[in-house]
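Report on one structure; see the data block that follows.
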Amino acid sequence: MTSQPSAEPLPPTDPAALPLFADRPVRAGRVRGDFSLRPAVVGPAALDEARRHRTALHPPPATSRASSDETPIDWELVRAFRTVVAGRLTAALGGDWRQDAKTADPATSHRAVDVDREEQERYGWAVIHDVLKEHTADVVKAGTGDAWTSAEQARMAQAIFDAVFRLGRLQPLIDDDRAENIFILGHDRVLLQLVDGSRIQVDPVADSNEELVDFLRFLANRSESNPRPFSESTPRLHLKLDGGARLAATAWVTSSPTVVVRRHRHRVDTLAAWVDRGCMTPACADFLAAAVRGKWSVVVAGPMSAGKTTLMRALCSEIPRQEVLGTFETEYELFLRETGHHDVVVDWEARPGMGEIGADGRAAGAFDLDEALNDSFRFALDRQIVGEIRGREVWTMIKAMESGTGSLSTTHAAGAEAAIRKLVTCAMEAGGHVTRDLALEKLAGCLDVIVQLNRRVVAMPDGSQQLRRWVSEVVVVEPGEREMGYALTHLFGPSTAGPARATGLMSERCKDLTVDGFDLDQYQAEADGRGWRA
């Protein structure tokens with residue numbers, strides 16, 4: 001590193017200027033009473049050890065988001081700084097400083113009272129600045145290296161902050177707006193799948209598979225309200241990360257620890273936005289909006305990464321604001337409580353449980369979606385929304401749909417009819433008492449609409465790629481002949497190359513949706529070729 005003094009200011013550096021310390025003077029070199037800014041044991045020992053044993057990292061590959069002229073971050077040093085910063089925060093704010101003051105245990109965190117997450121982070125920046133200043137002074141005084149440039153110091157400060165408060169080396173990838181999926185195939189192979197469908201390789205997020213597994217265990221146990229097991233006896237992990245991304249991980253049953261992180265790019269979405277992006281026609285958006293307002297039950301189906309959850313959020317934006325909503329998910333993904341579209345949202349999340357397995361075959365503390373739905377009938381809900389259907393939780397969906405509140409769910413399927421077969425298969429997983437005929441009877445009686453999505457990566461003339469998603473068919477489901485068990489009416493599509501258009505085939509019950517805003521003239525115009533043009 002070149003010898004250049006730091007010129008750019010870091011985030012707040014003076015503890016006395018922070019709200020936490022505004023009510024009392026602070027002596028030089030100390031924070032909040034008798035807690036030194038320079039711990040005598042933890043800090044220098046950890047830093048000296050890191051300085052003596054720095055790991056020479058390989059330069060980032062040409063496809064990495066780091067430019068080739070940037071000095072790679074020394075992650076061993078970041079870990080040492082993290083230890084020092086965390087120690088000082090613990091000394092100043094109490095043992096439970098990582099928790100929000102509202103949930104902290106008063107018996108063990110008396111010094112963390114009234115310190116919310118924002119203030120913790122503001123004070124954390126101050127401590128990080130002081131630690132880096134001390135480190136720079138020590139290095140220059142000892143003549144063992146050059147001072148950091150302002151850019152290098154800012155990068156190191158951000159890396160330490162991410163290690164203490166956020167997701168460490170994974171955080172820059174979560175923050176990368178180009179990325180839609182993050183694939184971690186062992187500690188040393190990390191790929192970003194970009195929004196256009198292409199993939200690039202980026203820097204590792206851990207120095208060994210053991211470190212990667214330890215990081216995943218930390219994430220699994222970090223939640224105070226809903227910790228999740230991750231061990232050789234429970235080799236799978238599904239959870240929501242800070243910021244809303246979805247993480248799925250496995251180890252011990254694969255050749256190396258494997259992680260996939262899905263970033264939700266459209267956490268607030270509307271059907272109008274789907275029309276603007278060329279993913280559905282105006283008449284299709286009009287029909288779906290009326291179906292939601294009319295409390296029809298809808299399943300959104302499609303392949304992986306087709307945008308099912310995103311479309312669910314858009315459909316939910318059509319639910320009147322005054323309705324009281326209940327959501328039921330294995331891992332939070334809908335975030336309806338955070339969008340502000342509705343005044344009251346009660347969001348249930350399943351809990352896998354931890355510890356011993358009871359006589360009923362469930363881990364201690366487990367809480368499933370069926371229990372949540374049973375509880376929800378005492379919460380004065382207007383609508384029950386079940387998230388993704390992957391297995392026996394389909395019975396939770398069926399119960400919600402049979403209540404007549406207009407439920408919505410998603411599932412993986414290659415087509416609308418395949419979605420029904422998939423749901424029947426999932427229902428039969430509930431036990432031998434659920435036959436195919438019973439499952440079909442239930443679904444045909446409560447499911448009203450299936451919206452099928454499709455996706456394709458298209459090669460452009462200039463050699464680039466473009467990821468396209470669209471509504472490929474919309475079908476109305478009704479009870480049918482005994483042999484089939486159901487009847488499907490294709491209102492839109494099917495289409496294999498773009499948004500499904502109106503077909504003109506409409507069941508009589510669809511006309512009832514005119515009271516909920518369904519524009520029959522717009523639908524017929526599109527069917528006649530007089531409406532929307534791609």
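Keep in mind that the numbers below use all heavy atoms, side chains included, and drop hydrogens, waters and symmetry copies.
- Note on Arg88 versus Glu134: salt bridge recorded, some NZ/NE/NH1/NH2 to OD/OE distance being below 4.0 Å.
- Contact of the Leu443 side chain with the Met397 side chain is registered, since non-hydrogen atoms from C-beta on lie closer than 4.5 Å.
- Taking 4.5 Å as the limit, some side-chain heavy atom of Leu271 sits within range of a side-chain heavy atom of Leu315.
- Between the side chain of Thr411 and the backbone N or O of Ile389, at least one donor-acceptor pair lies under 3.5 Å.
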Side-chain polar contacts of residues 297-308 - donor-acceptor pairs under 3.5 angstrom, sequence neighbours left out - could you list them?
unit_1, atom_1, unit_2, atom_2, d
Ser297, OG, Ser407, N, 3.4
Lys308, NZ, Pro303, O, 2.8

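- Sorted by first and then second residue, the salt bridge (charged side-chain N to carboxylate O under 4.0 Å, His left out) pairs with a member in residues 246-259 read Arg246-Glu333; sequence neighbours excluded.
- Partners of Lys399 under the salt bridge (charged side-chain N to carboxylate O under 4.0 Å, His left out) rule, at least two apart in sequence or in another chain, are Asp370.
- Judged purely by atom type and a 3.5 angstrom limit, Thr258 uses its side chain to pair as donor or acceptor with the backbone of Ser256.
- Nearest heavy atoms, Phe230 versus Ala220: CB-CB, 4.2 Å.
- When the shell of 6.0 Å around CZ of Arg236 is examined, it contains 12 or fewer heavy atoms from other residues, nucleotides or ligands.
- Considering only heavy atoms from C-beta on, Val78 comes within 4.5 Å of Trp75 through its side chain.
- In terms of the ring-ring contact (aromatic ring centres under 6.0 Å, His included) criterion, Trp395 has no residue partners (sequence neighbours excluded).
- For the pair Gln171 (side chain) and Leu167 (backbone), a donor-acceptor distance under 3.5 Å is present.
- Trp274 places a side-chain heavy atom less than 4.5 Å from the side chain of Thr310.
- No salt bridge links Arg313 with Glu338; every basic N to acidic carboxylate O contact stays at or beyond 4.0 Å.
- Not a single ring-ring contact (aromatic ring centres under 6.0 Å, His included) links Phe183 to another residue, sequence neighbours left out.
- Applying the side-chain hydrogen bond (donor to acceptor under 3.5 Å, both in side chains) test between Thr330 and each of Glu349, Arg390, Glu393, Glu388 identifies Arg390 as the sole match.
- The aromatic rings of Trp348 and Phe328 sit parallel to each other, their planes meeting at less than 30°, with 60° as the upper class boundary.
- Contact detail for Ala413 and Ala418: the closest heavy-atom pair is CB-C, 4.1 Å.
- Taking the salt bridge (charged side-chain N to carboxylate O under 4.0 Å, His left out) definition, one finds that Arg217 meets it with Asp214, sequence neighbours left out.
- Considering all non-hydrogen atoms of both residues, Pro235 and Val253 come closest at CG-CG1, 3.9 Å.
- Here the side chain of Tyr332 pairs a donor or acceptor atom with the backbone of Asp347 at under 3.5 angstrom.
- The side chain to side chain contact (heavy atoms under 4.5 Å, CB included) search around Gln465 returns Ser198, Val457, not counting sequence neighbours.
- The side chain to side chain contact (heavy atoms under 4.5 Å, CB included) test applied to Thr425 returns no partner, not counting sequence neighbours.
- Contact between Arg262 and Asn181 at its shortest, heavy atoms only, is CD-OD1, 2.6 Å.
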Step by step, would you call Gln384 with Leu373 a side-chain contact (heavy atoms from CB on, under 4.5 Å)? CA-CA 8 Å; Gln384 298 158 313; Leu373 186 74; 3.5 Å; yes
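- Annotation: side chain of Phe215 is not in contact with side chain of Val259 (no heavy-atom distance under 4.5 Å).
- With sequence neighbours excluded, the residues that form a ring-ring contact (aromatic ring centres under 6.0 Å, His included) with Phe161 are Trp125, Phe165.
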Using the salt bridge (Lys or Arg N to Asp or Glu O under 4.0 Å) rule, take Asp196 and Arg178 through it: C-alpha gap first, then chi angles, then the decisive distance, then the call. CA-CA 9 Å; Asp196 63 0; Arg178 303 173 305 162; over 6 Å; no
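- A salt bridge links Arg166 to Asp175: at least one charged side-chain nitrogen sits closer than 4.0 Å to a carboxylate oxygen.
- A donor-acceptor contact shorter than 3.5 Å links the side chain of Glu371 to the backbone of Asp368.
- Evaluation of the salt bridge (charged side-chain N to carboxylate O under 4.0 Å, His left out) rule for Arg455 yields no partner, not counting sequence neighbours.
- Here the closest heavy-atom approach between residue His238 and residue Ala248 is recorded as ND1-CB, 3.7 Å.
- Remark: Val345 pairs with Leu325, Thr327, Leu336, Arg337, His342 by the side chain to side chain contact (heavy atoms under 4.5 Å, CB included) rule, at least two apart or across chains.
- At a threshold of 4.5 Å between non-hydrogen side-chain atoms, the residues Val346 and Ser376 do not count as touching.
- Looking at Leu334 and Met312, their side chains come closer than 4.5 Å, going by heavy atoms from C-beta outward.
- Between Leu170 and Ile184 there is a side-chain heavy-atom pair separated by less than 4.5 Å.
- The main-chain N or O of Leu191 is never found under 3.5 Å from a side-chain atom of Arg199 such that the two would form a donor-acceptor pair.
- For the pair Asn209 (side chain) and His187 (backbone), a donor-acceptor distance under 3.5 Å is present.
- Residues forming a salt bridge (charged side-chain N to carboxylate O under 4.0 Å, His left out) with Glu211 (at least two apart in sequence, or on another chain): Arg79, Arg169.
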